[in-house]
Trainee: 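Before I ask anything, let me first share the structure, which is written out below as structure tokens.
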Amino acid sequence: MTGQVIVAAAQEGQLDLTDVTKLERPFWRLVSQDIVEFMQIAMADGTSIQVEDLPNTGIVALIRNKKDLPQRKIYQLDDK
């Protein structure tokens, strides 16, 4: 169900898929409320974001941008 909601929001223009960092907040919210274990979306150009709750680390974002391939940034997220 959550995946369908994300797809519908993207189709309706409620989510900006041109900048994956803008997805951090809604993905963090879903993971922090234990609605899902992790969220991930990838674009055809290799850009992607994954947000998950890691043991002993907390909620982290794993961001891969087209210009930085194959490297990705990993950092901890919180409510700010």
Side-chain angles (χ1 to χ4, degrees):
M1 177 73 166
T2 302
Q4 293 170 330
V5 171
I6 297 293
V7 169
Q11 290 174 334
E12 293 172 5
Q14 296 175 7
L15 290 176
D16 182 359
L17 299 180
T18 62
D19 181 358
V20 293
T21 59
K22 292 181 180 177
L23 298 173
E24 287 176 1
R25 184 82 146 147
F27 282 17
W28 173 84
R29 196 172 296 125
L30 292 169
V31 172
S32 69
Q33 294 175 0
D34 293 324
I35 295 171
V36 296
E37 292 181 30
F38 72 94
M39 289 292 302
Q40 180 179 17
I41 190 167
M43 309 306 170
D45 67 1
T47 302
S48 67
I49 180 173
Q50 179 174 329
V51 175
E52 65 179 300
D53 193 355
L54 297 176
N56 304 319
T57 304
I59 299 175
V60 296
L62 298 92
I63 306 286
R64 183 172 286 149
N65 290 307
K66 181 180 177 181
K67 64 181 172 66
D68 299 325
L69 290 173
Q71 301 296 321
R72 66 179 171 186
K73 298 175 187 173
I74 302 171
Y75 49 90
Q76 193 166 8
L77 297 176
D78 58 29
D79 61 347
K80 295 176 181 94

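FYI, the numbering just counts along the sequence from 1. A quick note: this is a predicted structure, and the numbers were derived from the prediction, not measured.
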Trainee: If hydrophobic clusters are built from ILVMFWY residues whose side chains come within less than 4.5 Å, do I35 and L54 share one?
Mentor: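 No, I35 does not connect to L54 through the hydrophobic network.
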
Trainee: Is there a chain of hydrophobic side chains (I, L, V, M, F, W, Y, each step under 4.5 Å between heavy atoms) that links L30 to Y75?
Mentor: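 Looking at the clustering, Y75 is in the same group as L30.
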
Trainee: What residue pairs, at least two apart or across chains, pass salt bridge (Lys or Arg N to Asp or Glu O under 4.0 Å) with a residue in residues 22-36?
Mentor: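 Listed by first then second residue: D16-K22.
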
Trainee: Roughly how far apart are M39 CE and L23 CG, rounded to 0.5 Å?
Mentor: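 Separation between the atoms: 8.5 Å.
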
Trainee: If you measure from NZ on K67 to OG1 on T47, what distance do you get to the nearest 0.5 Å?
Mentor: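 Those atoms lie 9.5 Å apart.
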
Trainee: Indicate the atoms forming the closest heavy-atom contact of D53 with G58, along with that distance.
Mentor: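 Looking at all heavy atoms of both residues, the closest pair is OD1-C, 3.4 Å.
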
Trainee: If two hydrophobic side chains count as joined below 4.5 Å and joins carry through other members, does L77 share a cluster with F38?
Mentor: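 Result: no, two separate clusters.
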
Trainee: Considering all heavy atoms of both residues, which atom of V60 and which atom of I74 are nearest to each other, and what is their separation?
Mentor: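 Reported closest heavy-atom pair: CB-CG2, 4.5 Å.
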
Trainee: Among V20, V36, I41, whose side-chain contact (heavy atoms from CB on, under 4.5 Å) with F27 holds?
Mentor: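 For F27, the side-chain contact (heavy atoms from CB on, under 4.5 Å) test succeeds with only one of V20, V36, I41, which is I41.
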
Trainee: So D45 and K66, do their side chains get closer than 4.5 Å, heavy atoms only?
Mentor: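 In contact.
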
Trainee: How long is the gap from CD on Q76 to CD1 on I59, to the nearest 0.5 Å?
Mentor: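 Here the interatomic distance stands at 8.5 Å.
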
Trainee: The criterion is side chain to side chain contact (heavy atoms under 4.5 Å, CB included); which residues satisfy it with S48, sequence neighbours excluded?
Mentor: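 Counting only residues at least two positions away or on another chain, S48 forms a side chain to side chain contact (heavy atoms under 4.5 Å, CB included) with A42, R64.
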
Trainee: Atom CD of residue position Q33 - does it have more than 12 heavy atoms of other residues, nucleotides or ligands inside 6.0 Å?
Mentor: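 Result for CD/Q33: enclosed.
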
Trainee: Taking only residues two or more places apart in sequence or in another chain, which ones pass side-chain hydrogen bond (donor to acceptor under 3.5 Å, both in side chains) with E12?
Mentor: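 Per chain and number, E12 pairs via side-chain hydrogen bond (donor to acceptor under 3.5 Å, both in side chains) with Q14.
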
Trainee: Which atom pair, heavy atoms only, marks the closest approach of E52 to L62?
Mentor: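 Taking E52 first and L62 second, the nearest heavy atoms are OE2-CD1, 4.0 Å.
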
